[in-house]
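Shown next, in structure tokens, is the structure this report addresses.
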Amino acid sequence: MRDTAGWTDKTIAAGRESLAGRRRGLRALFPFAGPAVVASVAYMDPGNFATNIESGARYGYLLLWVVVLANLVAMLFQSLSARLGIVTGKSLAEQCRDHFPKPVVWAMWTLSEIAAMATDLAEFLGAGIGLSLLFGLPLMASLGVVGVATYAVLQLQGFGFRPMELVIAGFVAVIGGSYFIELVIAPPDWKAVAYHSIAPALAGPHSVMLAVGIVGATVMPHAIYLHSSLTKNRVPVHNDEERRRALKFSNVEVLVALGLAGLVNMAMTAMAAAAFHPEHADVASIETAYKTLIPLLGGAAAGVFLTSLLASGFSSSVVGTIAGQGIMQDFVHFTIPLWLRRLVTMIPAFVVVGLGVDATQALVLSQVVLSLVVPVPLIALILLTSRRDVMGDFVNGVFGRAMAGLAAGIVVALNLFLLAQAAGLAEAP
């Protein structure tokens, strides 16, 4: 979408200057910055708050390695998704539609819609919880306010891609800044952070479920589909040399944006470990975390926590709706009005609240659902980027395929272990 007002068209023109080699340094990168920042919101959504807070409170720094691993997997697949969009000019969903059998495409779309519902449940509930705690509103009323507010932000799409990216980047800055402040207020044990970031360990069946939830909250199906959609034809490329330059800019952005998202996730877990573990290891909900923070660290810390949660919920809900629209259109060539999609994806959150289900547990379970769905786009992305008829000279090499296969295998193995555990066939170490 291009806007005659200027921001988007100026970005495209600046991107052409960068591809022609007439821009250097950060000025060359800036026109291509945006897709990874938007995608990174999916890695800092309320589902991350729920899983990271519970893991930090219950297990201290023990599961930090899962956060690091999940973020590395996310970096790999987001870069592959961006690569597919830049090289082919088509999104992952469009390529699936073009190259996979029709029944497979419809099955993938169905699973993607389930993932979108689970995603929006987490994002919508998280923003609603934050608003409810901040202003003392009933949760149901807060959900209504969030629904209206996110729909208003979505109207920015009519002005082109750049205004929306800048607003999302602002939300990301609020989330990151909030957790920097939290770490100053409640400094963690940095030696424990460093050790557990690289030392795999589990502590019973519930830690396995949380580990899978962390993966589900980090490696998001809709973000993988969305990234290729955001990079396709963002700045028109006319030859392989321009594609190589665009890929270089994209990879740098993925490294920076998702690296920062990973640090925020680690900060969430470390803050919860420092503030709650082991004296308040039973803190397993966002509401309890907020109420416990007030006497422990003061109202300022609790207020900063809610600010980051609100920014996360609003921004991720907006991004999730945009992704859902694109997935439906690219998979099955079908679109529905934006207001209708926003309404449909909000329904599960209202049902959860209406039935009196614990909101934070619903968030954690939604992340487990996402983790079970995410292998589908991962495998599709590996298959498509490994095909020369799709990627041409930019086909994924042997090393790239091996790394992507290993990463997808880890995710699938975690999911299979969770299913085996649920069936009583396996026990966590």
Side-chain angles (χ1 to χ4, degrees), residues 34 37-50 52-53 116-159 161-179 181-182 217 220 222-223 226 257 260-261 264-265 268 286-287 290 302-325 338-339 341-350 352-353 359-360 362-363 366-367:
V37 173
V38 172
S40 74
V41 169
Y43 303 107
M44 296 178 284
D45 75 359
N48 293 92
F49 279 70
N52 291 334
I53 287 171
M117 298 284 273
T119 298
D120 209 52
L121 173 64
E123 296 158 349
F124 197 49
L125 270 178
I129 291 169
L131 198 65
S132 175
L133 292 172
L134 194 60
F135 296 105
L137 296 173
L139 185 52
M140 194 70 80
S142 296
L143 292 178
V145 173
V146 172
V148 172
T150 52
Y151 181 74
V153 174
L154 284 164
Q155 298 310 303
L156 285 173
Q157 289 184 93
F159 297 97
F161 65 76
R162 201 51 162 179
M164 178 66 75
E165 289 174 350
L166 292 172
V167 170
I168 296 299
F171 280 121
V172 170
V174 170
I175 299 168
S178 296
Y179 266 91
I181 294 171
E182 293 282 23
M220 303 289 276
H222 76 283
L226 178 64
L260 291 174
V264 169
N265 275 304
M268 289 182 192
I286 291 172
E287 298 97 322
Y290 168 69
V304 170
F305 172 74
L306 285 188
T307 299
S308 64
L309 179 63
L310 274 172
S312 168
F314 276 123
S315 58
S316 57
S317 193
V318 168
V319 170
T321 302
I322 295 171
Q325 281 285 83
L338 189 62
W339 67 265
R341 169 164 284 278
R342 182 81 281 246
L343 180 63
V344 169
T345 55
M346 290 191 311
I347 289 174
F350 281 102
V352 165
V353 174
T360 300
L363 290 180
S366 73
Q367 305 314 300

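Along the sequence shown, residues are numbered consecutively beginning with 1.
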Quick one: which residue pairs count as a side chain to side chain donor-acceptor pair (under 3.5 Å) with a foot in residues 308-320, not counting sequence neighbours?
Asp120-Ser317, Ser317-Arg342
With rounding to the nearest 0.5 angstrom, report the CG to CG distance, Leu143 to Leu125.
6.0 Å
Might you work through the side chain to side chain contact (heavy atoms under 4.5 Å, CB included) test for Phe305 and Leu133, ending with a clear yes or no?
CA-CA 11 Å; Phe305 172 74; Leu133 292 172; 5.8 Å; no
Tell me the closest heavy-atom pair linking Val174 and Ala311, and the distance in Å.
CG1-CB, 3.8 Å
Nearest-0.5 Å distance that lies between atom CD1 in Ile175 and atom OG1 in Thr307
11.0 Å
Just wondering, do Thr150 and Thr321 contact through their side chains at under 4.5 Å, heavy atoms?
no
If you look at every heavy atom in Met164 and Val153, which pair is closest and at what distance?
CE-O, 3.4 Å
Is Asn265 reaching over with its side chain to a backbone N or O of Ala261, donor-acceptor style, under 3.5 angstrom?
yes
Is it the case that the side chain of Ser132 and the backbone of Pro138 share a donor-acceptor pair, with hydrogens and angles ignored and the cut-off at 3.5 Å?
no
Quick check: do Ser142 and Ile129 have side-chain heavy atoms less than 4.5 Å from each other?
no
Closest non-hydrogen atoms of Leu154 and Ile322, given as atom of the first, atom of the second and distance, are CD2-CG1, 3.6 Å
For Gln325, give me all partners under side chain to side chain donor-acceptor pair (under 3.5 Å), at least two apart in sequence or on another chain.
Arg341
Atom CG in Leu309, atom CG in Asn48: separation rounded to 0.5 Å?
11.5 Å
Might you work through the side chain to side chain contact (heavy atoms under 4.5 Å, CB included) test for Leu260 and Ser40, ending with a clear yes or no?
CA-CA 9 Å; Leu260 291 174; Ser40 74; over 6 Å; no
Which atom pair, heavy atoms only, marks the closest approach of Met44 to Val172?
CE-CG1, 3.7 Å
Minimum-distance pair of heavy atoms, taken over all atoms of Val37 and Ile168:
O-CG2, 4.4 Å
Heavy-atom pair with the smallest gap, counting every atom of Leu226 and Val319
CD2-CG1, 3.5 Å
Filter on ring pair (Phe, Tyr, Trp, His ring centres under 6.0 Å), then keep only pairs touching residues 124-148, sequence neighbours left out; what's left?
Phe124-Phe350
